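Throughout, protein chains are lettered first and strands after them, A, B, ... in sequence-line order, and every chain is numbered starting at 1. These figures come from a predicted structure and were not determined experimentally. Atoms considered below: every heavy atom in the structure, side chains included; atoms not considered: hydrogens, waters and symmetry mates.
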There are 2 protein chains.
Amino acid sequence: MEKNKKEKGLDVSTEEKIKEAARVVFHKKGYAATRTRDIAEEAGINLALLNYYFRSKEKLFEIIMFETLFGFFQNMGLVLNDEKSTLQHKVERVASNYIDLIIKEPDIPIFMLSEIRNRPDVLLVKLPIRQLIMNSVFFQQHRKAVDAGKIKEPDPLHFIMNLLGLIVFPFVAGPLLKEMGNIRDEGFNQLMQDRKKMIPVWIEAMMKAR
Amino acid sequence: MEKNKKEKGLDVSTEEKIKEAARVVFHKKGYAATRTRDIAEEAGINLALLNYYFRSKEKLFEIIMFETLFGFFQNMGLVLNDEKSTLQHKVERVASNYIDLIIKEPDIPIFMLSEIRNRPDVLLVKLPIRQLIMNSVFFQQHRKAVDAGKIKEPDPLHFIMNLLGLIVFPFVAGPLLKEMGNIRDEGFNQLMQDRKKMIPVWIEAMMKAR
DNA sequence: TTAAAAATTAAACAAATGATTAAAAAATTT
DNA sequence: AAATTTTTTAATCATTTGTTTAATTTTTAA
């Protein structure tokens, strides 16, 4: 049984090949524009195997969607709940980690955000997204900094919007910005690397301003 | 001929009804997830009339897409090329105008950005998006401020990314942020209203930092 | 080695979907 | 008022697309 060789060796199980192909195609084109035949072709397998292993396009999508969301927020949860790092350090790590991640997989943000818009329920139910922020060490540190007068804007949601906006938006608007700046992937990625250092500086300056 | 009554009166031409319905449905669901039958139903017209007036779903989409992009950047062009306003004032106006616009039509950003990702060519060819920024009064003012040492980050693309990121990203991530903050449309829109005043302050603080 | 189970394939099905047709209705022109 | 043009409708078509079926091949277990 091929299926049992999943973890070891160079050859991947059919199930894993399908999932990997589904990830690629769903991320690139979104649910609605993805054909099951696209996935089968990308995976190099017979179309019927998709339904054999995953029942339906919908079911397969839910798996990919969940894994993508979970993977994305897992790292953030770890960083935001580190007791030992300062607020500034958390900003640095979030910026650095996510810029690296999204350069590797640039389709993820717009995929996540579009699909969440289409089915907000899927997200709301399955992931403890609220407590990720509101129960975090980050949240406590932010409150302390506000109380100490080090951060002028008291709402942590503005902090999150600003941080994620500075990190994620350039990727979401990538094609537009590349056209505006007349640059290609290489130049764009260099700009993103620059932002790893700049975003923490910018965030600190913003939070002190009023 | 109904068609000639387009401009005047309360009753709208069939053509206009279809366009308006197409705008609503395309903006909400995107090209791939939109059925021509959805548009016909939204417009309250017979399905065949869509093809009678617009030949195809694709052609209708191109019209909506072009008008949406043009409408979005037209205003920005006006603001960025105002000889009489300062850089700070431009930031205020862009923030204010776009926050108002996107509160009215919250689907526009993610619609534009997703569809641009799927067909970058459509955008690149039809709209003079590069000169909108790079030939603008804003661009000259930015350069001057950099030369005068008032802005530390020399690349205007970072400035645009930051400004648009702070304005647009919260809307793109709307459902996610509402869930995080446990707020509804009302509370969310109030946060966005707050940002009209904060974004110019933040941007100024950021640009001075290094 | 043989029987059973699992995996794979080609073919086909049914529903959805974009588009067209031909006839009817409404509006405009003569 | 009659003829012509434009608009609208119901029905239908041709493809696409998600899924299933039944047969075949491969793998596993006895």
Side-chain angles (χ1 to χ4, degrees), chain A residues 1-66 114-115 118-119 122, chain B residues 1-65 115 118-119 122:
Chain A
M1 238 192 307
E2 178 77 6
K3 212 176 167 184
N4 293 337
K5 290 197 207 156
K6 235 192 276 189
E7 339 287 349
K8 57 170 184 176
L10 284 169
D11 60 340
V12 195
S13 74
T14 301
E15 197 175 340
E16 207 50 49
K17 271 195 284 185
I18 296 173
K19 263 181 68 174
E20 186 50 34
R23 206 184 322 274
V24 170
V25 182
F26 279 139
H27 282 184
K28 185 169 175 184
K29 316 218 285 186
Y31 179 80
T34 294
R35 314 291 108 148
T36 52
R37 282 163 177 82
D38 300 338
I39 298 173
E41 194 185 4
E42 173 78 23
I45 53 101
N46 185 286
L47 174 61
L49 288 176
L50 190 151
N51 295 83
Y52 178 75
Y53 282 104
F54 297 96
R55 304 282 300 167
S56 69
K57 178 190 175 186
E58 179 76 25
K59 290 255 173 42
L60 176 54
F61 176 78
E62 276 169 21
I63 292 169
I64 300 300
M65 183 71 179
F66 180 79
S114 325
E115 300 299 340
N118 299 341
R119 325 150 171 240
V122 174
Chain B
M1 243 193 303
E2 178 78 5
K3 212 176 165 184
N4 293 335
K5 289 195 206 158
K6 236 191 278 190
E7 340 286 350
K8 57 172 183 178
L10 284 171
D11 61 341
V12 195
S13 73
T14 301
E15 196 174 341
E16 206 50 47
K17 271 194 284 186
I18 297 173
K19 263 181 70 174
E20 187 50 33
R23 204 184 322 275
V24 170
V25 181
F26 278 139
H27 283 184
K28 186 169 176 184
K29 316 218 284 183
Y31 179 81
T34 294
R35 315 289 108 151
T36 53
R37 282 165 177 82
D38 300 338
I39 298 174
E41 194 183 5
E42 172 81 24
I45 53 101
N46 185 287
L47 173 61
L49 289 175
L50 191 151
N51 295 84
Y52 178 75
Y53 282 104
F54 296 96
R55 305 286 300 170
S56 71
K57 178 191 175 186
E58 177 76 26
K59 290 255 174 43
L60 176 55
F61 175 79
E62 277 170 20
I63 291 170
I64 300 301
M65 183 70 181
E115 301 298 340
N118 298 340
R119 325 149 171 244
V122 174

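Although no hydrogens or angles enter the test, the distance criterion places no donor-acceptor pair under 3.5 Å between the side chain of E15(A) and the main chain of Y53(A).
To the nearest 0.5 Å, the span separating CZ on R119(A) from CD on E62(A) amounts to 7.0 Å. Distance check, rounded to the nearest 0.5 Å: CD1 of I39(A) to NZ of K17(A) gives 15.0 Å.
A straight line from CZ of R55(B) to C1' of dT20(C) spans 10 Å, rounded to a whole angstrom. Nucleotide dA19(C) holds its C1' atom 13 Å from the CD1 atom of I39(B), rounded to whole Å. Rounded to a whole Å, the CD atom of E58(A) is 15 Å from the C1' atom of dT17(D). We find that CG of N51(A) is positioned 11 Å from C1' of dT17(D), with the value rounded to whole Å. Atom CG in L50(A) sits about 16 Å away from atom C1' in dT21(D), given to the nearest Å. dT16(D) atom P lies 14 Å from atom CD of E41(A), rounded to whole Å. Atom CD of E15(A) is separated from atom P of dT8(C) by 10 Å (rounded to the nearest Å). Rounding to whole angstrom units, CZ of residue F61(A) and C1' of dT19(D) are separated by 19 Å.
K57(B) is listed as a side-chain neighbour of F26(B), based on a closest heavy-atom distance under 4.5 Å. No side-chain heavy atom of V12(B) sits under 4.5 Å from any side-chain heavy atom of E20(B).
Checking dA30(D) for Watson-Crick or G-U wobble geometry (two distances, each under 3.5 Å) identifies dT1(C) as its partner.
Nearest approach of L47(B) to A40(B), heavy atoms of both residues: CA-CB, 3.8 Å. Closest heavy-atom contact between F61(B) and E115(B): CZ-OE1, 3.6 Å. Shown here for K59(A) and F54(A), the closest heavy-atom pair between the two residues is CB-O, 3.3 Å.
DNA chain C is contacted by no residue of residues 20-36 of chain A, taking any non-hydrogen atom closer than 4.0 Å.
Residue pairs meeting the side chain to side chain donor-acceptor pair (under 3.5 Å) criterion with at least one partner in residues 34-51 of chain A, sequence neighbours excluded, are K29(A)-D38(A).
Contact annotation: T14(B) side-chain N/O to dT8(D) OP1/OP2 distance is under 4.0 Å.
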Tabulate atom names and distances for all N/O pairs under 3.5 angstrom spanning the protein and nucleotides 9-13 of chain C.
unit_1: dT9(C); atom_1: OP2; unit_2: N46(A); atom_2: N; d: 3.4

